[in-house]
Number of protein chains: 2
Amino acid sequence: MHEVLAAVLQVREGQLQVLLWQRAIEPDAGRWALPGGRLGDSEDVQTSVLRQLAEKVDVRDVAHVEQLEVFSAPDRMPHRRTVVTAFLGLVPCVADPVLPDDTAWHPVTDALQGSPPTAFDHGLIVRRARDRLRAKLSYTNLGFALAPPEFTVSSLRELYAAALGHRVSATNLQRVLARRGVLIPTGGTAPPGPAGGRPAALYRFAERGMRITDPFAVLRPPEPPHAPEGVVHLADPRAAP
Amino acid sequence: MHEVLAAVLQVREGQLQVLLWQRAIEPDAGRWALPGGRLGDSEDVQTSVLRQLAEKVDVRDVAHVEQLEVFSAPDRMPHRRTVVTAFLGLVPCVADPVLPDDTAWHPVTDALQGSPPTAFDHGLIVRRARDRLRAKLSYTNLGFALAPPEFTVSSLRELYAAALGHRVSATNLQRVLARRGVLIPTGGTAPPGPAGGRPAALYRFAERGMRITDPFAVLRPPEPPHAPEGVVHLADPRAAP
DNA sequence: CCCAGTTTTCGCCTTACAATCGAAAACGTG
DNA sequence: CACGTTTTCGATTGTAAGGCGAAAACTGGG
């Protein structure tokens with residue numbers, strides 16, 4: 001049998017949290033599981049996970065979904081052999097969807113340490129989801145999926161710090177993202193906090209659909225100095241988009 | 001139903017090639033397919049793909065295998081709904097396994113352009129495999145899986161050029177890999193070619209098990225200047241290995 | 001035996017990007 | 001209007017990668 005599961009992550013209260021629901025029936029009754037379920041006959045895995053996610057949250061709040069990994073140990077679930085395609089889902093920090101009674105957000109750090117206890121191999125899946133998010137935040141513009149449409153550099157810094165698990169310099173974040181062209185100033189400013197201070201400029205991420213997947217400074221193809229034109233070498237470096 | 005498939009890549013004759021076998025029966029008879037088959041009841045996907053690969057090549061030649069992606073369009077195969085977990089496999093360039101009569105290596109570039117015609121969605125899978133290899137060659141030490149145990153920088157340069165599809169500077173490759181600590185001189189030298197020339201030093205890759213997955217120059221955590229010790233901030237930056 | 005040709009290797013320079021630091025700008029409050 | 005606060009910007013440093021050319025180490029031929 002084939003099922004799909006999603007580790008849906010969101011930064012709330014300064015912590016990276018994951019959406020879990022508490023199983024009411026055996027096996028693993030009482031333990032907390034990822035949303036998901038059986039793959040339908042006429043849907044692909046991505047469609048399926050979105051459909052099943054809709055039972056737990058408003059999927060319009062889920063800004064990004066991507067395939068994570070297949071888990072297929074024959075004994076990963078008791079009773080019946082089940083292969084699962086796991087997904088990573090991201091929800092912007094401003095969203096606060098209404099949840100069913102059995103469903104709640106839990107800090108990822110806690111869940112990975114057994115509080116609350118997770119069902120089956122779902123703890124491993126959460127860990128993989130967190131690792132993937134951390135890696136991709138560094139070299140893609142995936143931040144747009146965690147941030148509101150408009151944000152200040154400071155608030156973005158807090159999001160990155162919570163997701164990455166280490167301090168992030170606002171100065172550096174600002175310029176790194178700006179140089180990559182993913183950080184666009186909107187022109188507006190946010191009102192300062194109760195202690196005053198200079199009002200922060202508002203930014204948005206460039207082009208949601210745009211993915212930064214190019215390596216930045218790692219063995220890139222040689223820049224044709226000024227296109228000497230003539231002989232073309234080997235295969236075309238950028239054949240497909 | 002669930003199946004597994006592997007895009008097994010190797011650099012031969014200066015080109016990146018993929019292992020394909022020609023289907024004898026419908027559907028898609030005559031077209032070329034990736035090795036693989038149905039997932040067994042008591043094996044995980046990785047075990048399964050290695051088992052089925054053994055029907056086409058000596059799996060001892062396959063130096064690296066990793067999960068690629070799940071393809072699950074309901075109509076990706078006629079007749080019966082089949083979900084596939086696709087894998088990327090890499091074979092060192094020195095290996096030349098004996099192949100069954102229906103099986104042969106084909107340049108990836110050709111296969112992606114329809115020569116030979118590929119079965120089902122296998123062309124797409126080959127493309128994803130090639131893209132993954134290209135990306136990972138740049139920021140991991142995955143090269144060890146394409147190269148022989150010992151090699152010269154020049155031969156490695158040719159491998160990288162074939163796999164990446166663009167020229168690679170031997171000078172730069174040498175120093176980039178050396179700085180990352182993945183290129184270890186063995187002390188030996190290779191005999192010069194027929195035209196003479198300085199004998200090339202032999203190298204090997206550091207620690208096969210070692211994966212370079214850390215980002216190199218992208219939003220890394222702040223280096224604790226000299227461990228000021230005292231307050232610990234937020235979550236632990238490196239909780240798990 | 002020396003010299004031209006070849007191939008590899010190494011050092012130096014430039015460019016690109018990230019991290020750090022500090023100053024300046026823009027706001028509140030007393 | 002001084003003061004603390006917060007954000008933003010510029011300058012500097014450090015590290016990594018690309019490019020170029022000289023030096024090293026070999027072969028083969030006069």
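Note that these values count all heavy atoms, side chains included, but never hydrogens, waters or copies made by symmetry. This structure is a prediction, so every number in the text was calculated from the model and none was measured. Each chain gets a letter, A, B and so on, in the order its sequence line appears, and its residues count up from 1.
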Tell me, please, which residues at least two apart from [X] pass side chain to side chain contact (heavy atoms under 4.5 Å, CB included).
{"X": "B:E69", "result": "A:Q67, B:F71, B:R128"}
{"X": "B:V153", "result": "B:A170, B:Q174, B:Y203"}
{"X": "B:D110", "result": "B:P107, B:S115"}

Grab the N/O contacts between the protein and nucleotides 25-28 of chain C below 3.5 Å, and write none if there aren't any.
| unit_1 | atom_1 | unit_2 | atom_2 | d |
| --- | --- | --- | --- | --- |
| C:dA25 | N3 | A:R198 | NH1 | 3.3 |
| C:dA26 | N3 | A:R198 | N | 3.3 |
| C:dC27 | O2 | A:G197 | N | 2.9 |

Polar-atom pairs under 3.5 Å, protein N or O versus N or O of nucleotides 11-14 of chain C: list them with distances, or write none.
| unit_1 | atom_1 | unit_2 | atom_2 | d |
| --- | --- | --- | --- | --- |
| C:dC12 | N4 | B:R175 | NH1 | 3.2 |

Only pairs under 3.5 Å count here: list side-chain donor-acceptor contacts from residues 182-194 of chain B, not counting sequence neighbours, and write none if there are none.
| unit_1 | atom_1 | unit_2 | atom_2 | d |
| --- | --- | --- | --- | --- |
| B:T186 | OG1 | B:G188 | N | 3.3 |
| B:T186 | OG1 | B:L202 | O | 3.2 |

- Nearest-Å distance for atom pair CG/C1', residues A:L173 and D:dC9: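 Rounded to the whole Å, the gap is 15 Å.
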- Counting only N and O atoms by type, is there a donor-acceptor contact under 3.5 Å from the side chain of B:T103 to the main-chain atoms of B:K56?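 No; judged by distance alone, with no hydrogens or angles, the pair does not exist.
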- Not counting sequence neighbours, which residues clear salt bridge (Lys or Arg N to Asp or Glu O under 4.0 Å) with A:E158? List them please.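 Testing A:E158 for salt bridge (Lys or Arg N to Asp or Glu O under 4.0 Å), a comparison that skips the adjacent residues, returns none.
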- Message: Is there a side-chain contact between B:S169 and the phosphate of D:dG19, meaning an N or O under 4.0 Å from OP1 or OP2?
- Response: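 Answer is no, no contact under 4.0 Å.
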- Indicate whether OP1 or OP2 belonging to D:dT8 is found under 4.0 Å from a side-chain N or O atom of A:Q174.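 No, A:Q174 has no side-chain N/O under 4.0 Å of OP1/OP2 on D:dT8.
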- Looking across every strand, which nucleic acid part, if any, lies under 4.0 Å from B:A170 by heavy atom: base, sugar-phosphate, or nothing?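 Counting heavy atoms under 4.0 Å across all strands, no contact is made by B:A170.
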- Who pairs with B:F151 by ring pair (Phe, Tyr, Trp, His ring centres under 6.0 Å), at least two apart in sequence or on another chain?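 Expected list: B:F205.
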- Message: B:T171: which residues meet the side chain to side chain donor-acceptor pair (under 3.5 Å) condition with it, sequence neighbours left out?
- Response: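 B:T171: no side chain to side chain donor-acceptor pair (under 3.5 Å) contacts found.
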